[in-house]
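Please read these numbers as outputs of a predicted model, since none were measured by experiment.
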Amino acid sequence: MFKRAWMLALCLPALLPAALLRIEVSERTDVLDGKPFGAAGPYERIAGKAYFAVDPNLPANRIIVDVAKAPRDENGLVEFSADFYCLKPRDPAHGNHAVLFDVVNRGGKTMLGFFNLVGSPDPRTERDFGDGFLLTQGYTLVWLGWEFDVPPGPNLMHLYAPVAKGITGLVRSEITLDHPSIRQSLGDRSQLAYPVADPNDPAMTLTVRDHPKSARRTVPRAEWHIEGGTHIVMPAAFEPGKIYELVYKAQDPPIAGLGPAAVRDLLSFLKYGIEADTILGDQHEYIKRAYGFGLSQSGRFLRTFVYYGFNADEKGRRVFDGIMAHVAGAGRGSFDIRFAQPSRDGHPFLNTFYPTDIFPFTDLAETDPGTGITDGLLTHATPPADVPKIFYTNTSYEYYGRSASLIHTTIDGEHDAPLAPTTRIYFLTGCQHGPAAFPPVRMGAQNLGNPNNYRWTLRALLAALDRWVADGQEPPPSRYPKVADGTLAALAGVHFPHLPGVEFPTRIQQAWHVNYGEEFRTAGIVTIEPPQVGAPFPMRLPQVDADGNEVAGIRMPAIAVPLATYTGWNLRSPKIGAPDELYSMTGSYIPFARSKAERVKSGDPRPSIEERYGGKQEYLDKVQASARELVKDGYLLDRDVPHVMERASAEWDFVNR
C-alpha cells in the first residue's frame with residue numbers, strides 16, 4: 001500500500017559534523033503485498049532522497065578532492081544529497097543482520113539480476129524478484145546514488161553534488177564508434193558531459209588514430225564544431241573503428257569524491273546509528289555487518305573506495321566488513337579527482353589511457369621500478385582495523401580486457417604476488433564480463449557471445465563471505481591462474497588451438513605507466529591531456545587445454561564437461577572496423593563439431609561431441625558429477641544444481657540441433 005511522503009529529520013546538533021542529515025522518504029510500501037520471504041518474513045520498500053553534510057576540516061574528509069573549495073552552509077559544512085532505495089525486512093529482527101549494498105552502475109541497480117537471477121530497476125512484480133534469493137537470505141538491500149553525471153531517467157540513482165566554482169581544467173573526450181555518426185556527445189556513452197567552456201577556443205584539438213598506441217592525426221578545425229556545449233558535430237561523419245579524442249577546457253567541476261563519502265556515511269549510519277528516532281526504525285540495532293557488491297565500474301569503485309581510505313567513517317569505524325569486487329580486473333577509476341569522468345573505464349579499444357589501470361594493482365605494497373613508488377590498495381590509506389574481507393571475482397575477459405593478472409602477479413609479471421590474509425581471488429573460468437544471452441548471438445563480434453553462466457557461483461561465494469565475516473568460517477580457497485604452476489602465461493605463450501575460421505587475438509588491453517601531471521597523485525588534478533604514456537606493465541593470461549578452454553580457476557560444468565570452447569575474448573567484426581581489436585566485454589562460444597565426420601571435414605582439431613559422449617544422458621551424468629564436486633568444494637550451492645542441469649540440457653539441444 002502506498003503511504004504518504006515521510007521526512008526523517010535526524011535532529012543533529014548544529015555545530016557538530018553531521019554526515020547523514022536526513023532522509024526524505026517519498027514511498028514506503030510493502031513488497032509484493034506483504035508476501036513472506038522465508039524466515040525473513042515480509043519486506044518493505046523505502047525510497048527517497050538522503051541528505052548529507054561533511055566538515056571539510058575533518059581528516060576523514062580531507063581525502064575528498066576539492067571539498068575545501070565547495071560552498072558551505074552557515075555551520076561551515078558542505079551539503080549534498082543522493083537518491084536512496086532500500087528493500088528491508090518489515091521486522092528487522094527477522095533479517096540476517098547484514099546490509100548488502102549494491103554500488104549502482106552508471107545509476108542502475110545490478111545485484112538483483114546477479115544474485116536473484118532476474119532484476120529490475122524498480123522491482124514490483126514477482127518476476128522482478130527472480131527466485132528471491134537475497135530476500136530469503138534476509139539481507140537488507142540498499143542502493144544510493146554516488147555518481148554526479150548520471151543522465152535524467154526513471155529509476156536511475158543520482159548524486160546531487162555541489163561544484164567548485166571558478167575552477168577550470170582540461171577534459172579529454174574519447175569517441176569510438178561501431179557505426180558512422182555525425183553528432184556525438186562529449187560524455188561517455190549515455191553519461192552527461194562537461195560543457196566546453198569556450199566552443200570557439202582555438203586551442204581545442206580533435207585527433208583520430210587507428211589503435212591506442214598509433215600516432216594521432218589532427219582533424220582540421222573546419223571539419224567539426226561544438227553544438228550546445230556538450231556535443232561535437234562532424235558533417236562528414238565519424239568513421240567507425242577509429243579512436244577520436246577531443247581535448248578541451250571546462251569549468252566548475254562537481255565534487256566527485258562526495259559520492260564515496262555518501263556511501264561511507266549512509267553505511268555508517270545503518271551500522272552504528274545515531275541518537276535519534278528514524279523512519280528506518282531501530283535498524284542499526286539489528287545491522288551488525290555490511291557488505292558491498294560492485295559490478296565492473298562499481299567493482300572498481302570499491303577498489304578505489306578502500307584505496308583512498310573511505311572504509312573508515314568520520315569516527316574511524318569500519319564501514320564495509322566485506323566486499324565483492326566483481327569483474328573489476330586491476331582497475332580503479334575517476335571517482336575522486338577534479339573533472340572526474342567516473343564512467344570512463346578502460347578497454348582494449350574503448351576509453352583508453354584514462355586513470356583506471358594505474359599503479360598500485362595488488363592489495364599488499366609493491367614497488368614500481370619505473371617510478372620507485374611503493375604502494376598497495378590496502379596499505380595506502382586504510383588502517384588494518386578497517387580492512388574488510390575481500391573477494392575479487394574476475395572472468396576470462398578481465399585478463400584480456402581489464403589487466404586482471406596484475407592483482408596477483410609481481411610488477412614484472414615473473415612471479416605470483418602474495419595475497420593479503422583478508423583477500424581471496426576467484427577466477428570464473430571460461431566466462432565473459434557478463435554472461436551472454438542464451439542462445440548466443442554475434443552482435444558486433446566475429447564469434448558468438450559466451451553464455452557460460454557464472455551467477456550461481458556468485459551466490460555460493462556471497463554465502464561464503466557472510467560466513468567468513470559473521471562466524472569466522474574460512475571461505476573456499478582462492479582459485480586463479482598462477483605463474484608457478486604454468487597456468488598463467490604471456491600472450492605469445494597461450495597454446496590456443498588453430499580452429500577453422502577463428503582468429504586468436506594479437507592485441508589485448510594493457511596497463512601503462514601514464515603521466516597525468518605532477519599534481520595527479522598528490523591532489524587528484526590532471527594537467528596533461530592526453531597523458532604521456534610510457535612502458536606497459538607485463539600482462540599474463542590464463543593457459544588453455546587442447547580444446548582452448550582454460551585450465552585454472554572455478555571450472556563450471558560447461559568447462560569441465562564441455563560442448564564448446566568458451567573464451568574471454570572475441571574480435572570486432574570487420575563490419576564495424578578494427579577487426580584485429582577485441583570487442584569490449586565479450587567472449588566467444590565456439591561449439592564442437594557434432595560428429596567425427598563433420599569435424600574431419602571442417603579441419604577442427606577438437607574431438608567432436610559424438611567422440612566425447614555416448615549420448616545426452618551420459619553427458620548430463622557427467623555434468624551432475626561436476627556440479628556435485630563444486631558443491632562439495634563450496635563454489636556452488638546445492639539448491640542451484642537443478643539450474644545447472646537445466647542449462648546443460650538446453651545447451652546439448654542447442655549444439656545438436
Side-chain angles (χ1 to χ4, degrees), residues 299 303 324-331 348 357 361-364 366 377 390-420 423-433 435 450 452 454 457-458 460-461 475-497 504-505 508-511 536-560 562 565-570 582 585 587-588 626 629-630 633-636:
R303 285 171 56 84
M324 290 185 69
H326 179 54
V327 294
D357 299 297
F361 307 104
T362 54
D363 283 354
L364 300 180
E366 285 192 298
L377 260 68
I390 298 175
F391 281 6
Y392 293 130
T393 53
N394 286 296
T395 73
S396 308
Y397 174 79
E398 283 70 58
Y399 284 81
Y400 285 86
R402 293 276 340 119
S403 306
S405 66
L406 291 174
I407 71 172
H408 56 75
T409 61
T410 54
I411 205 69
D412 59 5
E414 296 299 318
H415 304 281
D416 301 305
L419 302 186
T423 295
R424 299 293 183 270
I425 296 177
Y426 301 106
F427 171 47
L428 304 171
T429 311
C431 297
Q432 70 176 37
H433 195 68
N450 184 342
N452 193 1
Y454 57 70
T457 294
L458 291 187
L461 292 178
S478 295
R479 281 194 182 180
Y480 59 94
K482 298 179 180 179
V483 176
D485 61 10
T487 57
L488 199 64
L491 176 63
V494 177
H495 305 312
F496 195 79
F504 187 70
I508 61 171
Q509 189 267 351
Q510 290 185 285
F537 292 94
M539 299 292 116
R540 297 294 181 259
L541 303 168
Q543 188 56 273
V544 300
D545 60 20
D547 290 329
N549 284 319
E550 292 149 340
V551 296
I554 301 174
R555 304 177 90 232
M556 292 295 289
I559 304 298
T565 298
Y566 299 80
T567 80
W569 53 264
N570 204 334
L582 294 183
M585 296 177 277
S588 298
S626 172
E629 193 69 21
L630 290 171
D633 293 340
Y635 304 107
L636 185 68

Checklist line | Heavy-atom closest pair, residues Gly634 and Pro476 | finding: O-CG, 3.4 Å

Notebook entry, point to check: When you look at Thr567 and Phe496, which way does the side-chain contact (heavy atoms from CB on, under 4.5 Å) test go after all the steps?
Noted result: CA-CA 10 Å; Thr567 80; Phe496 195 79; 4.0 Å; yes

Checklist line | Step-by-step side-chain contact (heavy atoms from CB on, under 4.5 Å) determination, Val327 to Tyr397 | finding: CA-CA 8 Å; Val327 294; Tyr397 174 79; over 6 Å; no

Checklist line | Distance in Å, Ile425 CD1 paired with Leu419 CG, rounded so as to fall on 0.5 Å steps | finding: 4.5 Å

Note to self: Using the side chain to side chain contact (heavy atoms under 4.5 Å, CB included) criterion, which residues pair with Pro497? Sequence neighbours excluded.
What the structure shows: Leu499, Pro605

Note to self: Would you say that Ile390 contacts Arg424 through its side chain, given a criterion of any heavy-atom pair below 4.5 Å between the two side chains?
What the structure shows: no

Margin query: Tell me if the centroids of the rings in Phe427 and His408 come within less than 6.0 Å of each other.
Written below: no

Check: Taking only residues two or more places apart in sequence or in another chain, which ones pass side-chain hydrogen bond (donor to acceptor under 3.5 Å, both in side chains) with Thr409?
Finding: none

Check: At their closest point, which heavy atom of Asn394 faces which heavy atom of Ala328, and how far apart are they?
Finding: OD1-N, 3.4 Å

Next item on the list: Tell me, please, which residues at least two apart from Thr457 pass side-chain hydrogen bond (donor to acceptor under 3.5 Å, both in side chains).
Entry: none

Note to self: Working to the nearest 0.5 angstrom, can you tell me the gap between Ser396 OG and Gln432 CD?
What the structure shows: 9.5 Å

Next item on the list: Mind checking the CE-OG1 spacing from Met556 to Thr429? Nearest 0.5 Å is all I need.
Entry: 10.0 Å

Next item on the list: Evaluate the side-chain proximity of Ser588 to Asn570: yes if any heavy-atom separation is below 4.5 Å, no if none is.
Entry: yes

Check: Once you round to the nearest 0.5 Å, how far does CG of Leu458 lie from CG of Leu428?
Finding: 6.0 Å

Check: With Thr410, which residues qualify under side-chain hydrogen bond (donor to acceptor under 3.5 Å, both in side chains), at least two apart?
Finding: Asp412

Next item on the list: Compare all side-chain heavy atoms of Leu488 with those of Lys482 and state whether any distance is below 4.5 angstrom.
Entry: no

Next item on the list: Taking the side chain as every heavy atom from C-beta outward, state whether Val483 and Ser405 have any atom pair closer than 4.5 Å.
Entry: no

Next item on the list: Look at the side chain of Tyr635 and the backbone N and O of Leu630, then say whether any donor-acceptor pair between them is shorter than 3.5 Å.
Entry: no

Next item on the list: With sequence neighbours excluded, give me every salt bridge (charged side-chain N to carboxylate O under 4.0 Å, His left out) pair touching residues 541-551.
Entry: Asp545-Arg555, Asp547-Arg612

Next item on the list: Indicate the atoms forming the closest heavy-atom contact of Glu414 with Arg540, along with that distance.
Entry: OE2-NH2, 3.4 Å

Notebook entry, point to check: Between Asn450 (side chain) and Asn452 (backbone), is there a donor-acceptor pair under 3.5 Å?
Noted result: yes

Check: Could you give the distance from CZ (Phe391) to OG1 (Thr423), rounded to the nearest 0.5 Å?
Finding: 10.0 Å

Next item on the list: Of all the heavy-atom pairs spanning Ala511 and Ser403, show the shortest one and how long it is.
Entry: N-OG, 3.6 Å

Checklist line | Exercise: identify the closest heavy-atom pair between Ala460 and Leu636 | finding: CB-N, 3.5 Å

Margin query: Counting C-beta onward and ignoring hydrogens, is there a side-chain heavy-atom pair between Ile411 and Phe361 closer than 4.5 Å?
Written below: yes

Next item on the list: Could you check if a side-chain atom of Arg303 sits within less than 4.5 angstrom of a side-chain atom of Leu377, using non-hydrogen atoms only?
Entry: yes

Item checked: Test item: Gln543 side-chain N/O and Val551 main-chain N/O as donor-acceptor pair under 3.5 Å -> no

Next item on the list: For this output row, return yes or no: ring centroids of Tyr392 and Tyr480 closer than 6.0 angstrom.
Entry: no

Checklist line | Spacing of OH belonging to Tyr399 relative to CG belonging to Leu491, to within rounding of 0.5 Å | finding: 15.5 Å

Item checked: Phe504 ring center within less than 6.0 Å of Trp569 ring center -> yes

Next item on the list: Could you note down all residue pairs passing salt bridge (charged side-chain N to carboxylate O under 4.0 Å, His left out) where residues 391-410 supplies at least one of them, sequence neighbours left out?
Entry: Asp357-Arg402

Item checked: Nearest non-hydrogen partners of Pro348 and Tyr400, listed with the distance -> CG-O, 4.2 Å

